[in-house]
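Read through the structure below, which is laid out as structure tokens, and then see the notes.
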Amino acid sequence: MSLFDYFKPRRKVADDRSAQMLASLLVMAWVVEARDPYTGGHLWRVSRYSALLAEAAGISGGALARIEIGGFLHDLGKIGIPDAILRKADKLTDDEYAVIRTHPDVGARMLAGHPLAALVRPAVLHHHETPDGHGYPHRLAGDAIPLDGRLVGVCDAFDAMTSSRPYRKSMPIAQALDIIRSRLGTQFDRDLGAQFITLGEAGLLDHIAGHSDEGIPLQNCVMCGPTLVVRREAQAGEEVYCRSCGGEYHLEQGDGGRPHAVPTGRKGNPAALEPEADTDLISRVIQSAAARAPVEDMISANR
């Protein structure tokens, strides 16, 4: 079954060809994310945070849908980062961090000539620019940073702070919000950052933080921490694997009807560890955005 055939019966979009191209971009982004075992669910979380923040900022229709998709695609350029850096289990050196800083430009170049480039390029290229002009890749400042970049940048940074890495545990939501508050107007857009803090203090981010899908919390690898992504459609009796150490886990029926991962003591073989896009999750992201506006309206909202 082709990717187009998979998505076509699951939502209504005016232009099926545009929907097919959009789906292919999201699949590519998901596979890029799968290379880094400590970012499971990052793209979904940033997409959800971005949609919530955009709504709080009074954004609607095609612009809101565009930002939701941009949040999912913002790290597309990390496909150009070597595994030795992307998967490093310690803090990066200055030289390695310089390589990481290339990913917005790499992502923008990947989109060059793509029919939907205008839809997602602002989020991909500008999500690490900062209001004080000290961000990257182009050191834009203030309102010179496109709205999508300013908004997704807040959400991306928050998710980085509230996610675990090999060299540090995730910080509590309240602590991450305090850091955003202390950097309003410098690292973070003042108005968007303040609105994000309001969302967080109202508890409206709790159901996203630490999750890889709606209602699906990350589970813990006994060796690596919260790296196990159990898909919404997963059933008891299946196996899942830690993308960091390759450890195998058997899914058993857990509390609340959700499967719980139990270590088997075995390692996954290469075929089991091969990344496979979560097409059901991607379909839901597209459905959510398409319910706000057709793809054509997302594009025109960016003109």
Side-chain angles (χ1 to χ4, degrees), residues 25 29 32 42-43 45-78 80-81 97-112 114 116-162 176-200 205 289 292-293 298-303:
L25 281 175
V32 171
H42 173 67
L43 301 185
R45 290 191 297 273
V46 173
S47 176
R48 293 301 306 127
Y49 290 140
S50 297
L52 284 176
L53 178 54
E55 287 182 302
I59 299 167
S60 61
L64 172 56
R66 185 193 69 231
I67 287 169
E68 184 174 8
I69 294 295
F72 197 95
L73 289 168
H74 72 283
D75 272 343
L76 189 63
K78 285 189 175 178
I81 307 301
Y97 185 57
V99 174
I100 287 286
R101 286 165 61 103
T102 66
H103 78 270
D105 268 330
V106 171
R109 289 198 299 273
M110 288 176 62
L111 291 168
H114 193 283
L116 299 184
L119 175 63
V120 296
R121 190 175 187 273
V124 170
L125 181 59
H126 298 299
H127 65 280
H128 282 295
E129 303 285 4
T130 59
D132 61 7
H134 293 159
Y136 62 89
H138 298 145
R139 299 180 70 86
L140 300 180
D143 290 341
I145 306 168
L147 170 65
D148 300 35
R150 284 180 278 138
L151 191 149
V152 172
V154 174
C155 302
D156 182 42
F158 174 80
D159 191 63
M161 288 186 280
T162 55
L177 294 176
D178 283 342
I179 290 174
I180 292 174
R181 182 181 289 108
S182 71
R183 300 177 185 177
L184 293 177
T186 54
Q187 182 177 350
F188 304 110
D189 180 275
R190 187 173 296 280
D191 292 337
L192 292 171
Q195 288 168 329
F196 192 83
I197 291 167
T198 299
L199 289 171
L205 309 177
R292 305 182 194 281
M298 301 181 207
I299 296 171
S300 62
N302 197 39
R303 290 171 180 159

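Inter-residue side-chain proximity for Phe196 and Leu205 is flagged as met; some heavy-atom pair is nearer than 4.5 Å. Under the 4.5 Å side-chain criterion, counting only non-hydrogen atoms from C-beta, Leu64 is in contact with Glu55. Within the 4.5 Å cutoff, the side chain of Val124 has no heavy atoms near those of the Met110 side chain. Contact check for Leu151 versus Ser50: side-chain heavy atoms found under the 4.5 Å cut-off. The shortest distance between side-chain heavy atoms of Leu177 and Phe158 falls below 4.5 Å.
Nearest heavy-atom pair across Arg121 and Ala108 is NE-CB, 4.2 Å. The two atoms that bring Leu111 and Val120 nearest to each other are CD1-CG2, 3.7 Å, heavy atoms only. Considering every non-hydrogen atom in both Val152 and Ala123, the closest pair reads CG2-CB, 4.1 Å. Taking each heavy atom of Pro146 and His126 in turn, the nearest pair found is CG-CD2, 3.4 Å. Between Ala176 and Met161 the shortest heavy-atom distance is O-CE, 3.8 Å. Of all non-hydrogen atoms in Ala157 and Phe188, the two that sit nearest each other are CB-CE2, 3.4 Å.
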What's the verdict on side chain to side chain contact (heavy atoms under 4.5 Å, CB included) for Thr130 and Arg183, showing C-alpha distance, side-chain angles and the deciding distance?
CA-CA 10 Å; Thr130 59; Arg183 300 177 185 177; over 6 Å; no
His127 vs Arg150, test: side chain to side chain contact (heavy atoms under 4.5 Å, CB included). Steps then yes/no.
CA-CA 6 Å; His127 65 280; Arg150 284 180 278 138; over 6 Å; no
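In terms of modelled atom types and a separation under 3.5 Å, the side chain of Arg292 and the main chain of Ala65 share no donor-acceptor contact. Side-chain N or O atoms of Thr102 include none that pairs as donor or acceptor with a backbone N or O of Ala98 at under 3.5 Å.
Between Gln187 atom CD and Glu129 atom CD the span is 12.5 Å, to the nearest 0.5 Å. One distance of note links CG of Leu25 with CD1 of Ile69; it measures 9.5 Å at 0.5 Å rounding. Interatomic distance, Ser47 OG to Leu43 CG, rounded to the nearest 0.5 Å: 8.5 Å. In this structure, CD1 on Ile59 lies 7.0 Å from CG on Leu192, to the nearest 0.5 angstrom. Atom NE2 of His74 is separated from atom CG of Asp156 by 3.5 Å, given to the nearest 0.5 angstrom. Here CG of Leu53 is found 10.0 Å from OG1 of Thr198. Values are rounded to the nearest 0.5 Å.
Note: Tyr136 and His128 have parallel aromatic rings, judged against thresholds of 30 and 60 degrees for the angle between ring planes.
Residues meeting the side chain to side chain donor-acceptor pair (under 3.5 Å) test with Asp178, sequence neighbours left out: Arg181. A search for salt bridge (Lys or Arg N to Asp or Glu O under 4.0 Å) contacts involving Asp75 returns Lys78, not counting sequence neighbours.
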